[in-house]
Each structure stands twice: as structure tokens, then as C-alpha cells.
Amino acid sequence: MITIGQLAGYVGVSVKTIRVYHDKGLLPEPERDASGYRRYGARDAIDLIKIRTLAEAGVPLARIRDLRSATDEEFQQALREIDDELTARIRGLRATQRRLRQLAAGRLAPLPTEVSAHLEHLTSWGFTTRWVDLQRDLWILVFATHPDLAITLFPDQAEALADPALRQLFLDYDHAHDLDADDPRIADLARRIAEATRERYGADTLPGQDADSEIPALVQGTVNASSPAWQRLDTLIRAQLET
């Protein structure tokens, strides 16, 4: 027979934890000896190991208490269910770990191969590093939050950039970043972009605009916030498309 302190040391829990298990009805409280001390035996140690193992697996104490009265078959079934839950949690933790490592490496989320290749093309086409980085961040946002929308938007943009005339408009948009918001070239560029947009889409809704999502507005807001010239360009384009 051993004391509560010895039992705690053998099993690897605190004396306070054992007392909590007593209070919760998980571990029967033994009789006290003539000196008034609780004395524990091998059966108590085995029960405590079971309780500790289940608790460390994330099983609620109330469920552990209920398992004390389960039949052997019920107990084994419960263990299988707990094992399945742990497997799912481990899978989720590993996914979280991968995202943390990507974050540490400066990659917030993996992008589809075709998007990564597209971003490399932007540099070779003469787009600034600022534009490429902005595009990467925005595609990460869209693919992470609205993958179905991204599947529609990305091919449309990639197709537009494959057209030399439309690509030049994007390049002009990029290079307008540092212009003064009142520069007359802003108004001319807005007119050319609006005309090209009408020619490409006609009266149809632009890709993504019919989605029940705030992401398109967030994306454009992020672009506008980085440059007063871009903000005015967006305002002028919208005004011309609405007329």
C-alpha cells in the first residue's frame, strides 16, 4: 500500500490532480489507515493510469467517468472512437504545422502551379516587383477564402494577359502607381481600360462581380490603398462603366 504522494509520483500526475479525480468520481477514494492517511494499491495505480491516458487524449472527464461503468465491449468501442478522433486531430495538427512552416518561409499558402507560373511570367513581361508581390498576396487571399471564385477569375486574367494589347493596359496600370492622382494620363488610361473592358465582356457582368462575397471589394480596396493614382483610376473606370 502506498500514499497519495507516492501514487502521484509513480503515475506522473500531481496530488492535486488525484484529488480532483476523487471529487469528480473518476477514482474511488480509498479508506484511510489508522493514522488517517489514504492508502492506495496496485488497482488504484492501474485505474489512475487509464484515467491519465484518456485525459491526455482529450477525453472529457465526464466521459471518462461514464466509461468506468461500461462493459468491456463498450469500453473497447469507446477506445476505437477516441483513437479515430485522435487520428483526425493529428491530421489537422500536421496541416497546421505545414501552414506554420510555410508562414515562417514567407509563403502564406500554397498556390496552384499554374498561378505560380503566371506570377513568374509577370516579371518577364516587365511588371514591377511591387505588382507581382501584390498579385501573389491577392491570389493567396482569393484561393484561400473562395476557391470556386478563384477558379473562374484566374483563367480570365491569365487569358487577358496573354493578349499583348490587354497586357499593355495592365502594365500601364502597374506603372501608374507613382503618378500624381491628377496626372492627365490617369484619365486617359481609365478611358482605355473601360473601352477594353466593354469590348471584352460586353454588357455581361464582370467575372466575380456576381459572387455573394466581399472579397472582390476587399481586393480592389487593397489595390487602391497602395496608391492615390490607382484609387483615382479605379474611380474613373467604374464611373465610365456605369454610364
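In this chain, residues are counted from 1 in sequence order.
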| task | Verify, without hydrogens or angle tests, whether W230 (side chain) and A176 (backbone) share a donor-acceptor contact under 3.5 angstrom. | result | no
| request: Is it possible for you to say whether L48 and F75 belong to one hydrophobic cluster, with membership spreading through side-chain heavy-atom contacts below 4.5 Å? | output: yes
| request: Count the heavy atoms belonging to other residues, nucleotides or ligands that lie under 6.0 Å from CD of E31, then report whether that count exceeds 12. | output: no
| Ion pair present between R238 and D234, side-chain N to carboxylate O less than 4.0 angstrom? | yes
| request: Look only at the side chain of S35 and the backbone of Y37, and say whether a donor-acceptor pair between them is shorter than 3.5 Å. | output: no
| task | Give a yes or no answer on whether the side chain of T17 reaches the backbone of V13 with a donor-acceptor pair at less than 3.5 Å. | result | no
| Would you say the side chain of P30 lies within less than 4.5 Å of the side chain of H22, judging by non-hydrogen atoms? | yes
| task | Using modelled atom types only, decide if a donor and an acceptor are shared between the side chain of R232 and the backbone of A181 within a distance under 3.5 Å. | result | yes
| Between Q135 and H118, is any pair of side-chain heavy atoms under 4.5 Å apart? | no
| query | Looking at L236 and A190, what are the two nearest heavy atoms and their distance? | reply | CB-CB, 3.5 Å
| remark: Contacts of D47 meeting side-chain contact (heavy atoms from CB on, under 4.5 Å) (sequence neighbours excluded), chain-then-number -> L27, R43, R68
| query | Can a salt bridge be assigned to the pair R200 and D156 using a cut-off of 4.0 Å between side-chain N and carboxylate O? | reply | yes
| query | Would a distance-only check, ignoring hydrogens and angles, find a side-chain to backbone donor-acceptor pair under 3.5 Å from R52 to V11? | reply | yes
| query | Just wondering, do L134 and L138 contact through their side chains at under 4.5 Å, heavy atoms? | reply | yes
| task | May I ask you to test the I2-Y10 pair for a side-chain heavy-atom distance under 4.5 Å? | result | yes
| Would you call F154 and V142 a side-chain contact if the rule is heavy atoms closer than 4.5 Å? | no
| What about F127 and H121, are their ring centers closer than 6.0 Å? | no
| query | Would you call R136-D133 a salt bridge at under 4.0 Å N-O? | reply | yes
| Between T113 and S116: side-chain donor-acceptor atoms closer than 3.5 Å | no
| Ion pair present between E195 and R191, side-chain N to carboxylate O less than 4.0 angstrom? | yes
| said: Does this structure show an ion pair linking D84 with R80, if we count only N-O contacts that are shorter than 4.0 Å? | reply: no
| T71 backbone acceptor or donor facing E74 side chain under 3.5 Å | yes
| request: Flag the pair V132 / E120 as yes when at least one side-chain heavy-atom distance between them is below 4.5 Å, and no otherwise. | output: no
| Side-chain touch K50/I64, heavy atoms, less than 4.5 angstrom | no
| Donor-acceptor under 3.5 Å (R94 side chain, R89 main chain) | no
| said: Under 4.5 Å between side-chain heavy atoms, counting indirect links through other Ile/Leu/Val/Met/Phe/Trp/Tyr residues: same cluster for I46 and I18 or not? | reply: no
| field | Salt bridge flag under 4.0 Å for residues R38 and E29 | value | yes
| query | Is there a donor-acceptor pair closer than 3.5 Å between any side-chain N or O of D44 and the backbone N or O of G41? | reply | yes
